[in-house]
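Heads up, the thing below is written out as structure tokens.
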Number of protein chains: 2
Amino acid sequence: MNYHAILHSLIADNQVSDPASARGRLLHEAARLFRDKGYERTTVRDLAAAVGIQSGSLFHHFRTKEEILKAVMVETIRLNTALMQAAVDAAETDRDKLQALVRAELESINGQTGEAMAVLVFEWRSLSETSRAYVLELRDIYEQLWLDVLEALRKDGMLAAEPFVVRRMLTGALSWTVTWYRPDGGLTLDDLTEQVVAMMGLTASRP
Amino acid sequence: MNYHAILHSLIADNQVSDPASARGRLLHEAARLFRDKGYERTTVRDLAAAVGIQSGSLFHHFRTKEEILKAVMVETIRLNTALMQAAVDAAETDRDKLQALVRAELESINGQTGEAMAVLVFEWRSLSETSRAYVLELRDIYEQLWLDVLEALRKDGMLAAEPFVVRRMLTGALSWTVTWYRPDGGLTLDDLTEQVVAMMGLTASRP
DNA sequence: GTTTACAAACCAAGCGCTTGCTTGGTATTG
DNA sequence: CAATACCAAGCAAGCGCTTGGTTTGTAAAC
């Protein structure tokens, strides 16, 4: 299953919006604006202008501004959970599964869904209490994918630290790449993946 | 040099505000509010109320709200640069210097200056262009401390990845602890430091 | 194949409120 | 007696969101 197959399967299930639809385009622009200026600094007038409508018209699609933020986050987690699951399934060994997860998360942070992922990392404080609870629920599913692989590695003595600590350190390390990594800087995402795996003392995959 | 000695030396040099002064207390409360609610969601009325004055009176101490944010960040970097320098100076081997840096950064993120450090990580987008340039200048000095140690380790073959990549991954990983680490969770900062160093494949320091 | 019906998508205008900041004047302090 | 720190009041601008009405797309009815 490649990126597009997964995406369209989720669209068919009404789990994420079609990027071609009005709602999908709005969420895409919202993610970009929220990342660039922050949620609070982005006005409903900014959002409306980005898709070429009047600010009041936004509220036919979403009841509140916060609902837009929530939708960006929820759909992003759903998509990425599916992408990570596919990455894990495609790899053979636990070590390769971890490498695939790192590669996939770097991809989602710095590639297609990068804008929305940055929002997920930096704007969770702007969510209401109830929205936050829902997003955290979805995140737990996502995190379990990682923990399963890390615990298997730990069991085989290939990991020198606690899985849950490792995962949290990786979350921070990989999320942070959004602030400095630029694909045109002579460092590919494959290079970066390799460095991360090397840094963890897991030697390169032997064919 | 311990924490208090370093702090008071910086106060004497007018590099940071005395926490007992009106300005110092305001900056401390501002850091707390900015971390908890975000810069944009914190109003000047919130800030004023936190130190028990009227909102208008704030502007006798700072010309704009953004100047308060800048001051929080600048003073925090200054203090932490001095703390890191002391940590490096106190350690003997390069490996111990790295461990000392990790420990000190974890301390600054999760201890005394934690509120301000979180602001530094999450609120840099709210800085004006010029303030940001100045803060980045100060940060470069801070970062060089890390790079010097990491490059020495790399030279001795104790590091499997590029120093600048390692530092950026560490920045993310350690900053991120602010979102999940709680001192009462059965994991001390020393434990955490150990896990980080172990995760990097650097074996424990032998006495 | 035109008409009718109707909902969804949108606009123009603006309301009520909060925001950062200003102003003119009054305590407080050395 | 000057400088510093503060208060009480409020202004102009920008905010999220509402309202009442118009356009647009779609599909059945004739």
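Note on naming: letters A, B, ... go to the chains in the order of the sequence lines (proteins, then strands), and numbering restarts at 1 for each one. These figures come from a predicted structure and were not determined experimentally.
The ring-ring contact (aromatic ring centres under 6.0 Å, His included) check on B/F122 picks up A/F122, with sequence neighbours excluded. Every side chain to side chain donor-acceptor pair (under 3.5 Å) that A/R41 has, sequence neighbours left out, goes to B/E40. The side chain to side chain donor-acceptor pair (under 3.5 Å) test applied to A/D18 returns no partner, not counting sequence neighbours. By the side chain to side chain donor-acceptor pair (under 3.5 Å) test, A/N14 is found to be paired with no residue, residues two or more places apart in sequence or in another chain being considered. Every residue two or more places apart in sequence or in another chain was checked for a side chain to side chain donor-acceptor pair (under 3.5 Å) with B/R45, and none qualifies.
Axis angle across the helix from C/dG1-D/dC30 to C/dG30-D/dC1, with five pairs used at each end and values rounded to 10°: 10°.
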Test side chain to side chain contact (heavy atoms under 4.5 Å, CB included) applied to A/M169 and B/Q195, step by step: CA-CA 10 Å; A/M169 292 291 167; B/Q195 300 250 355; over 6 Å; no
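A salt bridge does not link B/R132 with B/E137: every distance from a Lys NZ or Arg NE/NH1/NH2 to an Asp or Glu carboxylate oxygen is 4.0 Å or more.
Between B/L120 and B/R139 there is no side-chain heavy-atom pair separated by less than 4.5 Å.
For residues 172-181 of chain B, every residue pair satisfying the side chain to side chain donor-acceptor pair (under 3.5 Å) rule, not counting sequence neighbours, is listed here: B/N110-B/T177.
A donor-acceptor distance shorter than 3.5 angstrom exists from the side chain of B/Y39 to the backbone of B/E66, with no hydrogens or angles considered.
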N/O donor-acceptor pairs under 3.5 Å from side chains in residues 83-92 of chain A, not counting sequence neighbours:
{"unit_1": "A/Q85", "atom_1": "NE2", "unit_2": "A/D89", "atom_2": "OD1", "d": "3.2"}

Per-pair distances, 0.1 Å, donor-acceptor, side chain in residues 46-56 of chain A, under 3.5 Å, sequence neighbours excluded:
{"unit_1": "A/D46", "atom_1": "OD2", "unit_2": "A/K37", "atom_2": "NZ", "d": "2.9"}
{"unit_1": "A/D46", "atom_1": "OD2", "unit_2": "A/T43", "atom_2": "N", "d": "3.1"}
{"unit_1": "A/D46", "atom_1": "OD2", "unit_2": "A/T43", "atom_2": "OG1", "d": "3.3"}

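Contacts between residues 45-69 of chain B and DNA chain C, defined by a heavy-atom separation under 4.0 Å, are made by B/R45, B/S55, B/G56, B/F59, B/T64, B/K65. Only at 4.0 angstrom or more do the heavy atoms of residues 17-27 of chain A sit from any atom of DNA chain C, so none qualifies.
Of all nucleotides in DNA chain C, those with any atom nearer than 4.0 Å to a heavy atom of chain A start and finish, going 5' to 3', at C/dC10 to C/dG14.
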